[in-house]
Enquirer: 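Pasting a structure here, questions to come.
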Number of protein chains: 2
Amino acid sequence: MSQHRQPGAPGRAGAVPALPDLPEATVARLPEYLRALHNLADAGHETVSSEGLSAAAGVNSAKLRKDLSHLGSYGTRGVGYDVALLIEQIEYVLGLTQRRAVALVGVGNLGHALAGYDGFASRGFRIAALLDADPSRVGEEINGLVVRHVDELPAVATEESIAIGVIATPAAAAQRVADQLVSVGVTSILNFAPCVLSVPEGVDVRKVDLAIELQILSFHEHRKASLTALPATGGSALTALPGGLAATDTQEAIGT
Amino acid sequence: MSQHRQPGAPGRAGAVPALPDLPEATVARLPEYLRALHNLADAGHETVSSEGLSAAAGVNSAKLRKDLSHLGSYGTRGVGYDVALLIEQIEYVLGLTQRRAVALVGVGNLGHALAGYDGFASRGFRIAALLDADPSRVGEEINGLVVRHVDELPAVATEESIAIGVIATPAAAAQRVADQLVSVGVTSILNFAPCVLSVPEGVDVRKVDLAIELQILSFHEHRKASLTALPATGGSALTALPGGLAATDTQEAIGT
DNA sequence: AGGCGCTTGTGAAGACGTGCACAAATCGCG
DNA sequence: CGCGATTTGTGCACGTCTTCACAAGCGCCT
Ligand SMILES: NC(=O)c1ccc[n+]([C@@H]2O[C@H](COP(=O)([O-])OP(=O)(O)OC[C@H]3O[C@@H](n4cnc5c(N)ncnc54)[C@H](O)[C@@H]3O)[C@@H](O)[C@H]2O)c1
Ligand SMILES: NC(=O)c1ccc[n+]([C@@H]2O[C@H](COP(=O)([O-])OP(=O)(O)OC[C@H]3O[C@@H](n4cnc5c(N)ncnc54)[C@H](O)[C@@H]3O)[C@@H](O)[C@H]2O)c1
């Protein structure tokens with residue numbers, strides 16, 4: 001566990017507002033702002049207006065200001081936000097001042113891609129362990145890390161102070177892996193398997209399901225198609241029934 | 001309401017409820033229901049109650065009923081929903097009755113994993129083309145598909161009727177690829193590159209950014225840690241400031 | 001045939017998120 | 001030193017989403 005935590009600002013003895021409970025929607029956007037800010041910093045900008053930053057992050061500027069105001073951030077009226085300071089603040093709030101150790105369970109197709117991804121390191125994370133249940137995968141070295149057997153999870157968790165577990169196993173194994181992660185004290189899980197996980201209260205699970213994303217896009221495709229197919233009907237397009245007519249290209253063939 | 005005329009039933013002469021404009025939140029959950037329903041169908045269930053289905057999908061049962069009511073679905077009071085019928089209806093609404101063709105651009109680390117993933121096929125999609133800009137990758141065969149050069153995109157789009165483009169290139173190339181996709185008529189894009197894309201109106205973009213997911217988890221870790229670290233202070237833990245100038249919390253007061 | 005238990009569908013209320021519009025604050029300049 | 005240009009921070013109104021609670025409907029059992 002962590003012993004000494006410095007509640008103040010990371011670098012200077014600034015007065016960092018110390019963890020207000022932010023709206024979830026805000027929390028979800030902070031990483032976007034952070035990425036945009038890093039880009040701006042790399043481009044040499046020292047300050048940025050809410051207008052400029054919101055454009056870079058692809059959001060409404062009022063929303064951005066409100067988000068930042070939630071974490072007590074100080075911009076300067078008439079000037080904007082200090083890029084470096086804002087990066088520090090957001091990184092502090094997101095808990096990125098310490099590099100968190102990630103354990104990746106399931107080093108298959110997807111797991112390999114994740115293990116080889118260098119984008120985590122630059123965003124505050126360190127892949128500290130690769131685990132798999134398949135004996136033939138154990139021992140394999142990827143990116144300087146050796147794949148260990150999933151049964152070693154308790155040892156690994158102690159050695160590396162794992163903060164986050166990533167599940168990239170088949171769905172059938174995901175719940176079991178989640179249970180194992182929880183039992184060794186992991187309280188944050190990112191799940192790539194297409195299934196719901198049940199975990200005790202206090203454990204956070206986020207899921208990424210590509211098929212769901214595609215299906216949502218599919219819905220909008222379907223919708224766009226059905227709208228353009230019925231231009232003349234005006235507002236009634238939404239309620240028009242595809243009863244045989246208009247079954248051209250947009251329609252999913254009623255036939256067998 | 002509409003008559004009992006064989007609702008859904010894409011196989012028959014169906015008068016399907018035809019695309020009401022669903023709330024986005026509902027659209028995002030329908031794929032979850034669909035997955036749960038397929039599991040139930042495989043397990044031999046013919047009907048399911050809102051309680052049962054909502055548990056399987058990990059949501060509140062009232063929310064599920066409201067979602068289903070939006071798409072005009074008919075359950076049977078006292079009994080529940082017909083599993084097969086509900087699958088048909090949801091698949092119709094999501095536009096999954098036709099298998100949509102997906103073009104994957106960027107066959108690198110992540111792209112390989114996606115190309116080799118069989119989970120798309122079973123959820124309504126067909127990876128119809130693999131494209132890359134690197135000449136040394138062109139010609140490589142993955143899962144029966146040959147990688148083609150990204151400049152062939154116009155030809156590919158015509159041949160395969162691409163409905164959805166997936167971007168798995170580095171961030172620096174993503175906007176350019178998006179422009180190319182749009183120019184060949186693709187109106188739905190799934191973006192894995194960590195950057196914002198600007199696209200014309202009418203084009204839908206969804207993004208998946210793993211680092212963002214991890215950072216959100218990190219925030220909650222940070223928060224949990226800071227709460228357990230200050231057990232005695234109770235509610236004031238949230239507003240405790242290290243510096244003493246507690247001016248900015250909720251209270252606006254006049255300076256001094 | 002009628003009652004009873006179960007489940008859906010939905011009205012209403014509240015929580016949450018969004019965006020406008022503007023006062024307050026700050027800087028640069030004359 | 002004061003003024004105008006600029007930009008933040010936020011009150012307010014509006015829209016969306018969630019959740020409760022319950023009447024209406026359905027099938028089964030007696
Ligand atoms: N590959 C993709 O692009 C992709 C996309 C979306 C979702 N997914 C999902 O991600 C997960 C992994 O996909 P994949 O293509 O890498 O599958 P995969 O079969 O290639 O890899 C799964 C790995 O998990 C390991 N494993 C199985 N049971 C385990 C256990 N109990 N403990 C530890 N490891 C275990 C296997 O040995 C294997 O190495 C699946 O749930 C899949 O649906 C994958
Ligand atoms: N690998 C992961 O696990 C992972 C995780 C999260 C996000 N990402 C993101 O996904 C993207 C791809 O990651 P990766 O690890 O596969 O990178 P990669 O470098 O391994 O692969 C990128 C591929 O894109 C190709 N490419 C470059 N420019 C192109 C263009 N203009 N048109 C077509 N193809 C082009 C390259 O030739 C290469 O094959 C990156 O933006 C990365 O940040 C990857």
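Each chain gets a letter, A, B and so on, in the order the sequences are listed, and its residues count up from 1.
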Enquirer: Would you mind reading off the bend of the helix from C/dA1-D/dT30 to C/dG30-D/dC1 from its two end axes, five pairs each, to 10 degrees?
Expert: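 Answer rounded to 10°: the end axes differ by 10°.
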
Enquirer: Tell me: CZ of B/Arg65 to P of D/dA24, nearest whole Å?
Expert: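 Between P of D/dA24 and CZ of B/Arg65: 16 Å.
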
Enquirer: According to a strict under-4.0 Å criterion, is B/Tyr74 in side-chain N/O contact with OP1 or OP2 of C/dT7?
Expert: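 False: B/Tyr74 side-chain N/O out of range (4.0 Å or more) of C/dT7 OP1/OP2.
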
Enquirer: Rounded to the Å, how far apart are A/Leu85 CG and D/dT8 P?
Expert: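 Rounded to the whole Å, the gap is 14 Å.
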
Enquirer: Under 3.5 Å, which N/O atoms of the protein pair with N/O atoms of nucleotides 12-17 of chain C?
Expert:
{"residue": "C/dA12", "atom": "N6", "partner": "B/Lys66", "partner atom": "NZ", "Å": "3.0"}

Enquirer: Excluding sequence neighbours, so at least two apart, what forms salt bridge (charged side-chain N to carboxylate O under 4.0 Å, His left out) with B/Lys207?
Expert: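 With sequence neighbours excluded, B/Lys207 shows a salt bridge (charged side-chain N to carboxylate O under 4.0 Å, His left out) to A/Glu32, given in chain and number order.
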
Enquirer: Go through the steps to decide whether A/Leu68 and A/Tyr81 satisfy the test side chain to side chain contact (heavy atoms under 4.5 Å, CB included), and finish with yes or no.
Expert: CA-CA 10 Å; A/Leu68 294 186; A/Tyr81 299 90; 3.6 Å; yes

Enquirer: Using the test side-chain contact (heavy atoms from CB on, under 4.5 Å), find all partners of B/Ala41 that sit at least two apart in sequence or belong to another chain.
Expert: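 Counting only residues at least two positions away or on another chain, B/Ala41 forms a side-chain contact (heavy atoms from CB on, under 4.5 Å) with B/Val83, B/Ile87.
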
Enquirer: Could you work out, with side-chain hydrogen bond (donor to acceptor under 3.5 Å, both in side chains) as the rule, every residue matching B/Glu46, not counting sequence neighbours?
Expert: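 Once residues adjacent in sequence are excluded, B/Glu46 has no partner under the side-chain hydrogen bond (donor to acceptor under 3.5 Å, both in side chains) criterion.
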
Enquirer: Are any non-hydrogen side-chain atoms of A/Arg123 and B/Ile212 less than 4.5 angstrom apart?
Expert: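 Yes, side chains in contact.
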
Enquirer: Is a side-chain donor or acceptor of A/His220 paired with a backbone partner of B/Val205 at a separation under 3.5 angstrom?
Expert: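 Not at all, since once roles are kept as given, no pair shorter than 3.5 Å links the two residues.
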
Enquirer: Measure the shortest side-chain to side-chain distance between A/Val203 and A/Val186 over non-hydrogen atoms and say whether it is less than 4.5 angstrom.
Expert: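 The answer is no, as the side chains (C-beta and beyond) never meet within the 4.5 Å cut-off.
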
Enquirer: Excluding sequence neighbours, so at least two apart, what forms ring-ring contact (aromatic ring centres under 6.0 Å, His included) with B/Tyr33?
Expert: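 Per chain and number, B/Tyr33 pairs via ring-ring contact (aromatic ring centres under 6.0 Å, His included) with no residue.
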
Enquirer: To the nearest angstrom, how far is B/Leu71 atom CG from C/dT10 atom P?
Expert: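 One finds 12 Å between P of C/dT10 and CG of B/Leu71, rounded.
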
Enquirer: Quick one: which protein N/O atoms are closer than 3.5 Å to N/O atoms of nucleotides 26-28 of chain D? Pair and distance per line, please.
Expert:
{"residue": "D/dC26", "atom": "O4'", "partner": "B/Arg77", "partner atom": "O", "Å": "3.3"}

Enquirer: Please list, one pair per line, the donor and acceptor atoms closer than 3.5 Å that link side chains of residues 188-196 of chain B to other protein atoms, with sequence neighbours excluded.
Expert:
{"residue": "B/Ser188", "atom": "OG", "partner": "A/Glu221", "partner atom": "OE2", "Å": "2.7"}
{"residue": "B/Asn191", "atom": "OD1", "partner": "B/Ala193", "partner atom": "N", "Å": "3.0"}
{"residue": "B/Asn191", "atom": "ND2", "partner": "B/Ala193", "partner atom": "O", "Å": "3.2"}
{"residue": "B/Asn191", "atom": "ND2", "partner": "B/Cys195", "partner atom": "O", "Å": "3.4"}

Enquirer: Between A/Leu53 (CG) and D/dT8 (C1'), how many Å, whole number?
Expert: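 Going from CG in A/Leu53 over to C1' in D/dT8 covers 13 Å.
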
Enquirer: Residues in side-chain hydrogen bond (donor to acceptor under 3.5 Å, both in side chains) with A/Ser49, at least two apart?
Expert: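 Expected list: none.
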
Enquirer: Indicate yes or no: at least one non-hydrogen side-chain atom of B/Glu91 is less than 4.5 angstrom from one of B/His38.
Expert: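 Heavy-atom side-chain distance check passes, below 4.5 Å.
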
Enquirer: Do B/Ile90 and B/Leu96 make a side-chain contact, defined as non-hydrogen atoms from C-beta onward lying under 4.5 Å apart?
Expert: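 No; the side chains remain at least 4.5 Å from each other.
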
Enquirer: B/Asp21 CG to D/dG15 P: how many Å, rounded?
Expert: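 Taking CG of B/Asp21 and P of D/dG15, I get 15 Å after rounding.
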
Enquirer: Separation of A/Asp67 atom CG from D/dT10 atom P, in whole Å?
Expert: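 These atoms are roughly 13 Å apart.
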
Enquirer: Within this structure, what is the CG-to-C1' distance between A/Leu64 and C/dC20, rounded to whole angstrom?
Expert: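 So the CG-C1' distance, A/Leu64 to C/dC20, works out to 16 Å.
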
Enquirer: Of all residues at least two apart in sequence or in a different chain, which pass the salt bridge (charged side-chain N to carboxylate O under 4.0 Å, His left out) check with B/Asp204?
Expert: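 For B/Asp204, the residues satisfying salt bridge (charged side-chain N to carboxylate O under 4.0 Å, His left out) (neighbours in sequence not counted) are A/Lys224.
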
Enquirer: Would you be so kind as to tabulate the donor-acceptor pairs closer than 3.5 Å made by side chains of residues 50-59 of chain B, with sequence neighbours excluded?
Expert:
{"residue": "B/Ser50", "atom": "OG", "partner": "B/Arg65", "partner atom": "NH1", "Å": "3.0"}
{"residue": "B/Ser54", "atom": "OG", "partner": "B/Ser50", "partner atom": "O", "Å": "2.9"}
{"residue": "B/Ser54", "atom": "OG", "partner": "B/Glu51", "partner atom": "O", "Å": "2.9"}

Enquirer: Atom OH of A/Tyr81 and atom P of D/dT7: how far apart are they, to the nearest Å?
Expert: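 These atoms are roughly 12 Å apart.
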
Enquirer: For residues 36-49 of chain A, which residues have at least one heavy atom under 4.0 Å from DNA chain C?
Expert: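 Within this stretch, nothing sits under 4.0 Å of the strand.
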
Enquirer: Is the phosphate of D/dC17 approached by B/Asn60 (side-chain N or O, under 4.0 Å from OP1 or OP2)?
Expert: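 No, B/Asn60 has no side-chain N/O under 4.0 Å of OP1/OP2 on D/dC17.
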
